Structures are given as structure tokens and as C-alpha cells.
Amino acid sequence: NAGVTQTPKFQVLKTGQSMTLQCAQDMNHEYMSWYRQDPGMGLRLIHYSVGAGITDQGEVPNGYNVSRSTTEDFPLRLLSAAPSQTSVYFCASSLRSEADTQYFGPGTRLTVL
Amino acid sequence: GQQVMQIPQYQHVQEGEDFTTYCNSSTTLSNIQWYKQRPGGHPVFLIQLVKSGEVKKQKRLTFQFGEAKKNSSLHITATQTTDVGTYFCAGPRGNNRLAFGKGNQVVVIP
């Protein structure tokens with residue numbers, strides 16, 4: 001099993017550009033989530049999904065969209081990138097819910113100029 | 001805002017010494033999870049505590065869950081350079097969400 005994979009590893013965008021961060025897992029996990037990590041702020045939940053076709057907002061959802069068309073994939077879309085979205089983004093998955101062990105991907109380091 | 005608080009936020013620990021990091025919640029938690037993130041890496045699951053007053057050990061690491069299930073601690077003995085990193089606690093906060101603390105960044109002084 002590859003576990004949780006994320007692409008790209010690094011990305012530089014200009015303000016106003018859009019892009020999609022990819023996340024995939026091969027563990028047949030139902031629960032998937034996106035976090036952003038900023039210095040001194042810990043991990044903050046952006047969006048999460050409890051299963052295919054179901055998504056919901058976390059604590060910092062503004063400027064981001066998600067979809068979950070399959071169990072395996074959970075892409076994160078930045079609609080119009082802003083410098084405040086410069087961060088490290090982690091995707092995570094778990095078997096059923098937020099109460100289960102979370103498996104994190106390697107992260108995407110995003111810089112918005 | 002976050003409902004799980006960690007103290008201290010930073011620690012410098014001499015190699016060979018012991019240290020403790022604490023996690024406090026404003027509400028009762030169904031369980032508490034601990035993760036470790038090495039510099040430049042991603043969070044990796046360490047352990048989950050579920051029962052009131054539970055104590056679990058992993059070699060030099062001892063994890064405790066408070067009687068009221070509102071606080072937890074991680075105690076590391078005989079610190080090694082491999083213990084460097086950021087330790088996070090996390091607890092379910094309802095509505096399918098997991099809340100992480102801000103982490104305790106540990107620097108080990110050789």
C-alpha cells in the first residue's frame with residue numbers, strides 16, 4: 001500500500017491563480033480531511049469528508065473547495081490564490097471517522113506570491 | 001478557535017534529561033490522540049487513549065489520560081536526539097471534526 005499520497009510536493013502560484021492539490025489513499029478509508037499548517041498555529045481543519053459524495057467545512061474553509069467523487073480521491077481546490085494561503089497542506093485519512101487513527105500524506109508546500 | 005491547548009509551545013531539552021508536555025481541553029473528550037512530526041515531515045500517529053485515567057507506555061514514552069478526560073500528558077525519559085520534533089495532541093470535537101493542539105516543538109541539545 002502506498003498509504004496517503006499528495007501531489008505536488010511544492011508549488012508556487014501568483015495571486016489570483018487557481019489550482020488543485022491532489023490527495024489519494026489506497027486503504028479504503030471512509031474519512032478524509034485537509035489541514036493547513038502555519039508556524040505557531042498547529043494544524044487547522046479546512047474541509048473533511050465522511051465518505052464518497054459527502055463533504056463538509058472545517059474551521060478555515062474560505063477560499064477552498066473540495067469534492068469526493070470516489071472513496072480514494074479527495075482533491076482540494078484553491079479558487080483564487082491569495083498570499084494568506086501560503087502554507088503547508090496535509091491530507092489525512094482514517095478508517096471511519098475523526099476518532100480513528102489519522103494517516104497523513106507527505107504534504108504540499110504552497111507559496112502564493 | 002481550537003479547543004485543545006498544549007503547553008508548553010516550545011521546549012529545549014538536554015540530551016539524557018526527562019520532559020513532559022501537556023494537553024488540555026475545555027470539554028470532555030471521547031479519546032485523545034498523540035502525533036509526532038519530525039522537522040520537514042508529516043504528523044505520524046503515536047497512540048490513542050480512550051479510558052479515564054488510562055496510562056500507556058511505549059519504551060521511553062508514557063502517555064496519560066486524565067480522570068475527567070479533559071487533559072493528557074506525554075512524558076519522555078532519557079531524551080535522545082531522535083526525540084526532536086513537534087508533538088501534537090488531538091481530540092474529537094463533535095460534528096465529525098478532529099481538533100489539534102498547536103503542538104509542542106522540542107529541540108534536543110546534545
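Throughout, protein chains are lettered first and strands after them, A, B, ... in sequence-line order, and every chain is numbered starting at 1. Values in this document were obtained by computation on a predicted structure and should not be read as measured data.
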Between A:Val88, A:Val60, A:Thr101, A:Leu45, which residue shows the highest count of heavy-atom pairs closer than 4.5 Å to chain B?
A:Thr101
Once rounded to the nearest 0.5 Å, what's the spacing between atom OH of A:Tyr35 and atom CG of B:Leu98?
4.0 Å
Of the listed A:Ala92, A:Gly107, A:Gly40, the one with the largest count of heavy-atom pairs under 4.5 Å with chain B is A:Gly40
Contact part of A:Asp56 toward chain B, heavy-atom cut-off under 4.5 Å: side chain, backbone, both or neither?
neither
Hey, is the main chain of B:Asn96 close enough, under 3.5 Å, to the side chain of A:Tyr31 for a donor-acceptor pair?
yes
Restricting to non-hydrogen atoms, name the atom on B:His42 and the atom on A:Phe104 that form the minimum distance, rounded to 0.1 Å.
CD2-O, 3.5 Å
Nearest non-hydrogen partners of A:Glu98 and B:Gln33, listed with the distance
O-NE2, 3.3 Å
Under the side chain to side chain donor-acceptor pair (under 3.5 Å) rule, collect the residues that match up with A:Arg68, sequence neighbours excluded.
A:Ser49
Less than 4.5 Å to any heavy atom of chain A: does that hold for the side chain of B:Asn31, its backbone, both, or neither?
side chain
Part of B:Gln37 lying under 4.5 Å from any heavy atom of chain A:
side chain
Would A:Tyr48 end up clustered with A:Leu76 when hydrophobic side chains under 4.5 Å apart are linked, directly or stepwise?
no
Is it the case that one hydrophobic cluster holds both A:Phe74 and A:Tyr89, taking links as side-chain heavy atoms less than 4.5 Å apart, direct or via other members?
yes
Closest non-hydrogen contact found for B:Tyr35 with A:Gln102 is OH-N, 2.9 Å
Contact origin within A:Tyr103 toward chain B - heavy atom pairs under 4.5 Å
neither
Are B:Val106 and B:Phe100 co-members of a hydrophobic cluster defined by side-chain heavy atoms under 4.5 Å apart?
no
When you group the ILVMFWY residues by side-chain heavy-atom contacts below 4.5 Å and let the links chain together, are B:Phe19 and B:Ile109 in the same group?
no
Using a cut-off of 6.0 Å, state whether more than 12 heavy atoms not belonging to B:Arg60 lie near its atom CZ.
yes
Under 4.5 Å to a heavy atom of chain B? For A:Ser97 that would be neither
Look at the side-chain heavy atoms of Ile, Leu, Val, Met, Phe, Trp and Tyr, link any pair under 4.5 Å apart, and say whether B:Ile76 and B:Phe63 land in one connected group.
yes
Heavy-atom count check: over 12 atoms from other residues, nucleotides or ligands less than 6.0 Å from B:Arg97 CZ?
yes
